[in-house]
Asks: 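The structure's right below; bear with me while I get my questions together.
Residue numbers start from 1 in every chain, and the chains themselves are labelled A, B, ... in the order their sequence lines are given, proteins ahead of strands.
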Amino acid sequence: MAVMTMREALNQALREEMARDPRVFLMGEEVGAYNGAYKVSLGLLKEFGPKRVIDTPICEEGFAGAGIGAALAGLRPIVEMMTWNFAFLALDQIVNNAAKMRYMSGGQLSCPIVFRGPNGAAHQLASQHSQATETFWCHVPGLKVVSPSTPADAKGLLKSAVRDDNPVIMLESETLYGLKGEVPDGEHLVPIGVADVKRVGSDVTLIGWSKTLHYALEAANDLAQEGIEAEVVDLRTLRPLDVETIVRSVRKTNRVVVVQEGWPYAGVAAEVAQVINEHAWDDLDAPVARVTGADVPMPYSKDLEKAALPHKDLIVAAAKKVLYRT
Amino acid sequence: MAVMTMREALNQALREEMARDPRVFLMGEEVGAYNGAYKVSLGLLKEFGPKRVIDTPICEEGFAGAGIGAALAGLRPIVEMMTWNFAFLALDQIVNNAAKMRYMSGGQLSCPIVFRGPNGAAHQLASQHSQATETFWCHVPGLKVVSPSTPADAKGLLKSAVRDDNPVIMLESETLYGLKGEVPDGEHLVPIGVADVKRVGSDVTLIGWSKTLHYALEAANDLAQEGIEAEVVDLRTLRPLDVETIVRSVRKTNRVVVVQEGWPYAGVAAEVAQVINEHAWDDLDAPVARVTGADVPMPYSKDLEKAALPHKDLIVAAAKKVLYRT
Amino acid sequence: VERLDPKLLESLLHQMLLIRRFEEKAAEMYAAGRIGGFCHLYIGQEAIAVGAVPLLRPDDYVIAPYREHGHALARGMSADVIMAELYGKIDGCSRGKGGSMHLFDRELNFMGGHGIVGGQLPVAVGLGFASRYQDRDSVTLAFLGDGAVPQGAFHESLNLAALWKLPIVFMIENNQYAMGTPLAKTNAVTDLYKQAAAYGMEGVVVDGMDVLAVRAVTEKAIASARKGNPVLIEARTYRYRGHSMSDPTSGTYRTREELEEHKKRDPIVLFRERLMKDGIIDEAKLKALDEQVKETVQRAVDFAEQSPYPPIESMYEDVYADEGAR
Amino acid sequence: VERLDPKLLESLLHQMLLIRRFEEKAAEMYAAGRIGGFCHLYIGQEAIAVGAVPLLRPDDYVIAPYREHGHALARGMSADVIMAELYGKIDGCSRGKGGSMHLFDRELNFMGGHGIVGGQLPVAVGLGFASRYQDRDSVTLAFLGDGAVPQGAFHESLNLAALWKLPIVFMIENNQYAMGTPLAKTNAVTDLYKQAAAYGMEGVVVDGMDVLAVRAVTEKAIASARKGNPVLIEARTYRYRGHSMSDPTSGTYRTREELEEHKKRDPIVLFRERLMKDGIIDEAKLKALDEQVKETVQRAVDFAEQSPYPPIESMYEDVYADEGAR
Ligand SMILES: Cc1ncc(C[n+]2csc(CCOP(=O)(O)OP(=O)(O)O)c2C)c(N)n1
Ligand SMILES: Cc1ncc(C[n+]2csc(CCOP(=O)(O)OP(=O)(O)O)c2C)c(N)n1
Ligand SMILES: [Mg+2]
Ligand SMILES: [Mg+2]
């Protein structure tokens with residue numbers, strides 16, 4: 001076990017998977033000579049050469065589709081989206097081709113591809129560069145979606161994603177790339193579809209992933225000081241949802257707050273809430289609350305941006321509300 | 001009041017708005033010489049000429065963006081998506097430009113544009129041509145989304161959309177284009193943001209829109225024969241939701257089924273359910289149920305397609321379930 | 001003609017006839033309600049698929065848009081499984097899930113059948129990329145309609161193919177219309193092969209009604225592509241039927257006269273007469289071929305009729321590699 | 001030089017100097033933490049914006065990518081409101097919501113500041129479309145980087161502009177890199193002006209370090225565009241700073257030597273020396289200009305410093321025309 005940043009953990013996962021399987025390659029803007037816009041692919045070009053670390057032109061639809069074609073032909077591409085904002089240009093390829101090719105071909109074709117990159121807001125990048133895009137991918141059958149909150153999970157989920165025979169969307173976070181944590185050496189696989197209880201508690205369940213998991217943990221600390229023990233569930237995989245783990249926690253706490261960065265309308269939080277209603281209605285002592293980003297395009301100005309994003313205080317307030325302690 | 005098809009009602013709305021305001025024009029694939037892939041624009045080229053009825057090449061990103069630019073410059077474009085499946089290619093333009101331009105410019109720019117066309121499955125068009133795309137647009141602040149179920153609403157909503165100073169997404173349905181109904185002559189405006197109770201009842205609320213509104217009405221008939229009086233709410237506008245009308249109905253019936261055509265995960269039904277939980281939790285006697293399309297790409301084969309779509313019997317069953325009558 | 005093996009020439013005629021009769025039968029069965037959805041016939045364009053596809057090796061790839069029955073037959077897929085697919089039956093090549101627009105055969109490297117105009121082109125880039133990556137010299141033959149040229153995907157794909165020197169032949173089947181829109185209304189430059197120059201790629205134009213001419217240019221193009229120099233071919237042709245089964249053959253966007261004029265250069269008639277003139281075949285042989293083809297097509301219909309519809313549960317299959325994932 | 005009004009020449013130099021000093025100050029304030037997010041400096045490319053933009057009439061449009069401080073200044077936007085926008089202040093041109101990448105001025109027809117590479121081009125088509133529709137002969141001057149050429153949006157936009165004969169000048173600022181990727185790694189044909197031929201459009205290349213050369217070709221291009229013949233200009237230039245403030249100026253993807261070599265042809269130095277040699281300005285004048293520019297920039301900083309941050313409630317404004325819509 002070594003302590004490293006999430007950036008390093010992702011880098012390690014890429015390196016290990018590329019070393020393990022010659023069919024694995026990395027493609028995207030600036031992944032090679034520049035070592036990645038956020039340095040996730042640092043050193044990979046040097047180690048694996050230009051055949052397997054491919055700098056692309058700026059043409060998201062084109063290179064996403066190229067990755068899909070390569071996957072159909074037996075390779076295991078990892079396509080980096082410099083940020084997920086730009087993947088809207090590739091949405092047709094991801095939704096209409098990657099997600100459906102197996103189905104449309106009656107099961108003949110397989111599309112084992114990973115699309116990965118940072119998702120959501122970083123710091124003051126304004127409306128076109130700050131989107132939390134979960135909903136666009138989670139909505140679509142045929143895709144799996146993962147979104148890690150810790151370096152260890154990042155490594156383990158990326159390795160699992162590369163080995164998965166389905167298209168997997170991996171939503172990372174620029175603001176977490178520098179986060180440090182212990183990461184198991186070598187073969188460390190986090191299964192796709194399995195949530196993780198990051199803090200045990202009995203009074204209220206806080207559900208988050210990626211960045212918001214950390215806000216939830218902060219909120220849990222605050223709540224603890226007021227004698228409220230929150231259980232914090234890290235979804236880790238957004239599609240398919242780990243309904244079992246979610247419901248188990250709800251059965252215990254009877255109160256839930258779901259925290260997401262993105263826009264509220266038809267966000268992942270709405271789905272999680274409804275899944276809880278469908279599976280654990282009788283266990284709920286209050287409606288599932290959601291804490292989300294504001295329903296506005298992201299503003300540039302620092303304080304506005306801060307106000308548009310979910311944070312600890314909102315979670316604490318929501319937790320108290322579902323506990324009727326306001 | 002004349003009886004006409006939804007196709008004719010849309011055509012009338014287009015004709016009236018183009019006659020009323022010379023800034024209004026129609027652009028899209030096959031809208032002119034071909035009279036529209038689904039004949040919604042029948043006769044408009046002849047009446048208004050090629051300046052105002054523009055056949056485009058197949059380049060959704062390009063002509064969607066062109067519409068946006070024209071709107072910024074003071075025109076009132078109506079951009080037809082031959083079907084909404086193809087709009088994924090224009091998603092970046094719609095989300096990153098149409099929805100955000102006002103915001104990013106600090107309120108300086110206005111983008112009064114309508115994107116319209118048929119949404120969802122028709123008959124056996126398979127995975128790439130059958131998508132109910134609501135979620136992709138409803139998720140996004142800056143957009144309004146309407147989806148009519150009757151010829152009168154289609155006319156009234158389209159006219160309101162053309163006059164709205166925001167980008168409006170209008171999701172029509174190929175299978176409803178032939179549906180007949182009474183349509184008020186001339187100036188008939190259905191306000192955006194206002195739902196409509198299409199059937200009054202007191203035992204359970206069925207919520208739908210577009211096609212699924214009709215399934216809900218059918219289900220209400222069946223339920224009535226068993227002595228269950230369903231209230232049927234037609235959302236008509238999906239964004240912004242008419243929370244007031246929804247909650248008023250829930251207060252009365254205490255039980256809700258939301259019916260949508262699209263995929264379940266983070267669908268509009270999840271949002272509606274969660275909004276109800278947030279606003280009317282204490283009025284609910286059962287969890288909000290949703291009836292949705294199956295969580296699969298659309299299969300081609302007739303019976304598989306039928307099974308993948310929501311229909312009356314599923315709604316009846318869901319209604320009974322929330323009434324604990326199963 | 002003299003330089004070619006008479007057996008080969010006969011086989012080309014045979015294949016063109018098979019496609020023609022297959023499509024006529026498909027039209028008949030569509031009218032009879034045995035086939036649903038969109039069905040785009042290849043009648044009039046047979047010389048292109050037959051001139052090009054049989055040149056490929058088994059390890060080469062074919063990818064096509066939705067008007068692909070002819071390409072599938074030319075690649076050696078049996079009329080049985082294609083017809084069964086059109087019927088939506090379990091023995092169809094895509095298990096009834098794809099239908100007319102989504103024919104696939106993994107064994108024959110027939111990579112679909114794609115419904116989004118231009119969407120197959122980035123995928124073709126990936127197939128070519130994979131061949132190179134795997135140190136195979138397989139070629140990808142990617143078909144597209146003239147309507148796909150204005151799409152961004154065309155530009156991105158040709159740039160990537162040229163930039164990366166991929167073994168791809170792009171074959172534009174220029175039938176002069178995209179649905180009801182003539183070329184001059186969609187492309188600033190109507191000599192489509194000239195697009196190649198923007199990528200430093202070789203571009204050639206050929207008479208798409210002359211199967212041997214198509215064969216000759218494609219043979220050279222394949223040889224070039226195999227060495228890493230992609231080629232763009234524009235084959236000029238004409239479709240005799242409507243855009244799809246629901247579209248009239250003439251009257252709206254093209255005149256009966258224009259259609260009749262083009263039919264005078266029917267690729268099958270031209271080739272048959274040439275072979276007769278050169279003494280390669282005679283009336284008797286021709287009759288025998290015709291009988292044989294009719295039989296094949298009738299057998300395909302019988303096969304399709306007798307095949308069962310897919311069981312409803314199969315709707316949930318083929319979404320993910322690991323079916324339980326949802 | 002002789003043919004041009006000395007006043008004009010001086011003003012061109014003045015504008016280039018202003019941009020240079022403004023950008024240097026922006027860098028300083030960024031380092032001081034007064035400016036956040038992405039900040040892309042225009043240093044080295046001044047001759048292009050200054051050579052082109054002042055040729056426009058007030059009713060003409062300018063649209064640009066995210067590296068647009070220079071274009072905004074050349075269009076006559078005050079340094080004050082631009083600097084305030086970079087600071088995220090309420091008096092910024094976009095009320096602090098846009099930041100560096102999203103400068104707008106409706107009065108001056110300065111249409112942004114766009115963050116998605118290539119995304120502004122379809123919008124430019126719409127601006128040109130609107131001018132024609134409104135029977136105005138306004139021209140749209142659309143800037144893009146070399147990195148945008150491989151994007152599908154480039155192709156779609158140029159085709160539409162040429163097809164519809166729109167009054168648009170497309171100006172590629174070829175600074176030889178897209179972030180860290182050199183042109184030869186992204187474009188099959190590196191003479192970017194040659195793309196024009198694919199649309200039957202005039203394409204010209206110009207030394208982007210020579211303000212008068214840029215002015216000359218742009219003047220002709222604007223005249224041509226005004227008559228409905230769009231033009232593509234490739235201006236060859238070099239950026240002196242890193243891609244954005246977080247990117248090193250040299251070392252990774254380009255050498256210090258390469259940078260220094262290019263700096264020898266500094267557009268400001270070249271032009272200044274020419275004007276001095278031709279006796280249009282002298283040392284004293286130069287000094288005065290420099291003082292004036294420094295003052296303007298300092299005033300802008302003072303203005304920005306003193307302007308308040310936007311109130312938090314303003315986060316909810318400018319999403320919809322009718323603010324209550326959400
Ligand atoms: C992206 C997209 N836009 C629109 C359509 C609807 N559509 C289907 S075929 C077609 C015309 C295509 O013409 P062309 O490429 O020339 O092929 P052809 O039908 O002539 O063989 C259109 C507009 C589509 N399938 N995909
Ligand atoms: C669609 C899209 N993909 C990727 C990016 C990230 N990105 C921002 S600028 C840039 C390079 C653009 O280079 P170029 O067009 O040459 O402009 P320059 O920065 O050189 O002025 C990239 C890749 C983006 N903003 N948009
Ligand atoms: Mg065509
Ligand atoms: Mg550049």
Asks: If a pair satisfies ring-ring contact (aromatic ring centres under 6.0 Å, His included) and one of its residues is in residues 269-304 of chain B, list it, with sequence neighbours excluded.
Replies: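 The answer is A/W281-B/W281.
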
Asks: Relative to chain A, which of B/N96, B/N277, B/L241 shows the most heavy atom pairs under 4.5 Å?
Replies: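 Top count of heavy-atom pairs under 4.5 Å with chain A: B/N96.
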
Asks: With a 4.5 angstrom heavy-atom cut-off, is it the side chain or the backbone of B/A294 that approaches chain A, or both, or neither?
Replies: neither

Asks: Hey, which of B/M298, B/E278, B/E134, B/Q93 has the most heavy atom pairs under 4.5 Å with chain A?
Replies: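 Of the options given, most contacts go to B/E278.
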
Asks: Out of A/A99, A/A273, A/A286, which one racks up the most heavy-atom pairs below 4.5 Å with chain B?
Replies: A/A286

Asks: Main chain of A/E271, side chain of A/Q274: is a donor-acceptor contact present, judged purely on distance under 3.5 Å?
Replies: no

Asks: Measuring heavy-atom distances to chain A, does B/Y103 have an atom under 4.5 Å in its side chain, in its backbone, in both, or in neither?
Replies: side chain

Asks: Heavy-atom distance under 4.5 Å to chain B: side chain of A/E61, backbone, both or neither?
Replies: side chain

Asks: Below 4.5 Å from any heavy atom of chain A, which atoms of B/N85 appear? Answer side chain, backbone, both or neither.
Replies: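 Just the backbone, heavy atoms under 4.5 Å.
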
Asks: Between atom OG of B/S210 and atom CG of B/L171, what is the distance when rounded to the nearest 0.5 Å?
Replies: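 Answer for the OG-CG pair, B/S210 versus B/L171, is 7.5 Å.
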
Asks: Under 4.5 Å heavy-atom distance to chain A, tell me which part of B/Q131 shows up: side chain, backbone, both or neither.
Replies: side chain

Asks: Say whether, by atom type as modelled, one donor and one acceptor occur between the side chain of A/T212 and the main chain of A/G208 under 3.5 angstrom.
Replies: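 Here the side-chain-to-backbone pair does not exist.
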
Asks: Is there a donor-acceptor pair closer than 3.5 Å between any side-chain N or O of A/N119 and the backbone N or O of A/T133?
Replies: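 Yes, the answer is positive, given that a donor and an acceptor are paired below the 3.5 Å cut-off.
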
Asks: Do the two ring centres, one from A/F136 and one from A/F88, sit under 6.0 Å apart?
Replies: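 So the answer is yes for these two rings.
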
Asks: Quick one: CG on A/L235 to CG on A/D242, what's the gap to the nearest 0.5 Å?
Replies: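 One gets 8.5 Å once the value is rounded to the nearest 0.5 Å.
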
Asks: If you check every heavy atom in residues 122-129 of chain A against those of chain B, which residues fall under 4.5 Å?
Replies: A/S127, A/Q128

Asks: Of all of A/V275, A/V140, A/D282, which one pairs up most often with chain B through heavy atoms under 4.5 Å apart?
Replies: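 Greatest number of close heavy-atom pairs with chain B: A/V140.
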
Asks: Between the main-chain N or O of B/R255 and the side-chain N or O of B/T253, is there a donor-acceptor pair closer than 3.5 Å?
Replies: yes

Asks: Salt-bridged, A/R239 to B/D295, with N to O below 4.0 Å?
Replies: yes

Asks: Between B/K211 and B/A121 (side chain of the first, backbone of the second, donor and acceptor by atom type, cut-off under 3.5 Å), is there such a pair?
Replies: yes

Asks: What part of A/L238 gets within 4.5 angstrom of chain B, counting heavy atoms only: side chain, backbone, both, or neither?
Replies: both

Asks: Please list, in residue-number order, every residue in residues 259-270 of chain A that has a heavy atom less than 4.5 Å from any heavy atom of chain B; write 'none' if there are none.
Replies: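 When heavy atoms of chain B are the reference, residues 259-270 of chain A contributes A/W263, A/P264, A/Y265, A/A266, A/G267, A/V268, A/A270 within the under-4.5 Å range.
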
Asks: Has A/W84 got a side-chain atom pairing as donor or acceptor with A/G117's backbone, closer than 3.5 angstrom?
Replies: yes

Asks: Calculate, to the nearest 0.5 Å, the distance between atoms CD1 and CD1 belonging to B/I113 and B/I94 respectively.
Replies: 8.0 Å

Asks: Quick one: does B/N254's side chain have a donor or acceptor within less than 3.5 Å of a partner on B/D283's backbone?
Replies: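 Present.
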
Asks: Could you pull out all residues at least two apart from B/R325 that satisfy side-chain hydrogen bond (donor to acceptor under 3.5 Å, both in side chains)?
Replies: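 B/R325: no side-chain hydrogen bond (donor to acceptor under 3.5 Å, both in side chains) contacts found.
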
